[in-house]
Each structure stands twice: as structure tokens, then as C-alpha cells.
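As a basis for the values below, the full set of heavy atoms in this structure was taken, side chains included, without hydrogen atoms, waters or symmetry mates. All values reported here derive from a predicted model rather than from experimental measurement.
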Amino acid sequence: MKIKVSAPALLLSLALTTLTGCSMSDAKDSDSPPFAGVSTTSRATDTTQKVSSELYDLMGLKGKATQPGPGVMECSGKDPEKYFTTFHSWTFTPASPGELDGVMERLRKELPGHGWKVVGFEPDSSRNKNLTLTADNDAEKHSVKITHWAKEQPPKLNFFVVSGCYQVPDGEKVD
């Protein structure tokens with residue numbers, strides 16, 4: 001599945017640069033995403049789905065998550081026929097709004113024990129000053145940005161999971 005360049009794709013590209021520029025440091029220059037390996041788009045999106053599921057389980061809360069699956073987009077500055085990245089954006093609404101109290105602090109403390117390095121934990125630049133946590137998983141070649149929308153009714157968590165750049169196997173093209 002190819003995604004045409006549009007406003008959402010540009011936003012994803014900006015988020016990819018922001019997220020993967022922090023750590024996942026095997027890239028030759030700090031502005032490019034790391035190499036995530038050779039994979040088909042199907043296997044890579046399955047991996048991104050698995051990473052998202054592990055983050056969901058780590059929350060340890062009951063509630064509802066939005067259902068859109070992972071997507072595929074071009075890797076900035078690379079041949080779009082051979083290189084791609086995956087992303088998965090989803091929102092979690094807890095069964096009870098009070099369940100989100102303290103969850104960001106708990107995630108900040110627990111993520112490192114599961115292979116994540118927290119590289120940002122601060123309010124975002126929005127009017128609501130939503131608390132945002134950014135973390136990299138060097139082993140999985142994924143990053144996540146979690147935003148607590150505390151002033152929404154009901155309050156929610158937004159997850160944006162993004163991979164490093166994958167290369168398709170020889171003789172194949174990005175789906």
C-alpha cells in the first residue's frame with residue numbers, strides 16, 4: 001500500500017524525523033531514521049502492530065483503542081521503490097477517566113525495563129500543554145510518542161509508533 005504525499009504524510013514525515021532523530025543512533029547522520037533491516041511491508045507492519053500491542057499491554061488499563069492498523073510511507077531521502085517506514089497511530093480511551101491519573105509517570109518509569117529509552121517527557125506546545133512522552137527502542141528500531149489529552153472529554157492517550165527505515169528484499173518493491 002502506497003500513501004500519496006499529502007498533509008497527513010507530511011505530518012508523519014515531520015513526526016518521524018522528530019522521533020527517530022533522538023536516539024536509535026545507528027543512522028549515519030542524526031537527522032535520518034535508523035536502518036531497521038530488510039523486510040517486506042507485510043512483515044514490517046506486523047512488527048509495528050506487535051510493538052503497539054506491547055505498549056497497550058504495558059499500560060495495564062481497561063478501555064478502548066481505536067482500530068486503524070499500521071501504515072507504510074516513504075523513507076525520507078531514500079529510494080521509494082526500495083525503502084519504507086511503518087507507523088501506527090491510535091488512541092486509547094480508558095473505561096473510567098480517572099484511570100489515566102499517573103499513567104504517564106508510570107510509563108516513564110516502566111518503559112526502560114522493557115527496552116525503551118525515554119528521550120522526552122514534557123508538556124507539548126499546544127494551548128492545553130498536553131503531557132508528552134517520547135521513547136526509542138533501539139533493539140526494535142521503533143519510537144513512540146505518547147500524548148495525554150487530559151482536558152479532552154473523556155481524557156485519552158494518543159500513541160504514535162514509528163519504525164526506522166526498512167529495505168525490501170532484493171527483487172521486490174515497496175507495496
Side-chain angles (χ1 to χ4, degrees), residues 1-61 63-92 107-108 110-121 132-147 157-175:
M1 96 179 78
K2 268 196 174 174
I3 296 176
K4 293 183 180 180
V5 175
S6 63
L10 292 174
L11 178 62
L12 288 171
S13 180
L14 175 61
L16 177 67
T17 300
T18 300
L19 289 173
T20 60
C22 297
S23 182
M24 292 201 304
S25 56
D26 67 349
K28 288 188 170 93
D29 75 61
S30 63
D31 289 337
S32 62
F35 182 65
V38 175
S39 180
T40 64
T41 54
S42 177
R43 280 186 301 189
T45 55
D46 287 349
T47 298
T48 299
Q49 179 70 49
K50 179 181 144 277
V51 169
S52 282
S53 293
E54 289 169 355
L55 290 165
Y56 181 91
D57 292 344
L58 186 58
M59 268 191 312
L61 300 175
K64 184 176 180 174
T66 55
Q67 293 301 314
V72 173
M73 64 181 282
E74 295 177 4
C75 245
S76 180
K78 301 233 181 231
D79 180 351
E81 297 290 320
K82 294 181 182 180
Y83 295 91
F84 66 96
T85 188
T86 61
F87 65 92
H88 189 202
S89 182
W90 52 281
T91 302
F92 174 79
L107 285 170
R108 184 181 69 80
E110 291 183 14
L111 282 170
H114 295 271
W116 294 88
K117 177 182 177 187
V118 175
V119 296
F121 188 71
T132 301
L133 183 152
T134 305
D136 295 332
N137 189 318
D138 288 344
E140 294 286 340
K141 301 296 187 221
H142 278 74
S143 290
V144 64
K145 182 174 185 179
I146 307 167
T147 305
L157 293 179
N158 178 262
F159 289 75
F160 184 78
V161 179
V162 64
S163 74
C165 282
Y166 286 98
Q167 180 180 354
V168 292
D170 288 340
E172 293 193 30
K173 290 185 178 182
V174 175
D175 290 335

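Ion pairing between K78 and E74 fails under the 4.0 Å rule for side-chain N and carboxylate O.
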**Chi angles and distances behind the side chain to side chain contact (heavy atoms under 4.5 Å, CB included) call for W116, V51** = CA-CA 11 Å; W116 294 88; V51 169; 3.7 Å; yes
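How far NZ of K141 is from OG1 of T86: 13.5 Å, rounded to the nearest 0.5 Å. A distance of 8.0 Å separates OG1 in T40 from CG in D46, rounded to the nearest 0.5 Å. L111 contributes atom CG, which lies 5.5 Å from atom CD1 of I146 (distance to the nearest 0.5 angstrom). Atoms CZ and CG, on R108 and L133 in that order, are 8.5 Å from each other to the nearest 0.5 Å.
Taking the side chain as every heavy atom from C-beta outward, V174 and V72 approach each other to under 4.5 Å. Considering only heavy atoms from C-beta on, F87 comes within 4.5 Å of M73 through its side chain. At a threshold of 4.5 Å between non-hydrogen side-chain atoms, the residues T134 and S143 do not count as touching. Counting only heavy atoms from C-beta outward, the side chains of L58 and E110 approach each other to under 4.5 Å. A 4.5 Å side-chain heavy-atom check between M59 and L157 finds at least one atom pair inside the cut-off. Side-chain contact between V161 and L55: present, with at least one pair of heavy atoms (C-beta onward) separated by less than 4.5 Å. Side chains of K145 and S89 form no contact here, defined as non-hydrogen atoms less than 4.5 Å apart.
Of all non-hydrogen atoms in S39 and A44, the two that sit nearest each other are OG-N, 3.4 Å. For the residue pair H88 and P68, the shortest heavy atom distance occurs at NE2-O, 2.7 Å. Summarising the geometry of F84 relative to C75, their closest heavy-atom pair is O-SG, 3.7 Å, with the distance given to 0.1 Å.
The aromatic rings of W90 and F159 lie parallel to each other, with less than 30° between the two planes, well short of the 60° mark.
Within a 6.0 Å radius of CG in D170, no more than 12 heavy atoms belonging to other residues, nucleotides or ligands are found.
No side-chain donor-acceptor contact under 3.5 Å links Q167 to the backbone of C165. At least one donor-acceptor pair under 3.5 Å links the side chain of N137 to the backbone N or O of A139. Between the side chain of K82 and the main chain of D79, no donor-acceptor pair closer than 3.5 Å is present. Of the possible donor and acceptor atoms, one in the side chain of T66 sits under 3.5 Å from a partner among the backbone N and O of T91.
In terms of the side chain to side chain contact (heavy atoms under 4.5 Å, CB included) criterion, residue partners of T47 (sequence neighbours excluded) are, by chain and number, E140, H142, Y166. With sequence neighbours excluded, no residue forms a salt bridge (Lys or Arg N to Asp or Glu O under 4.0 Å) with E172.
A donor atom on one side chain and an acceptor atom on the other are found under 3.5 Å apart for S163 and T85.
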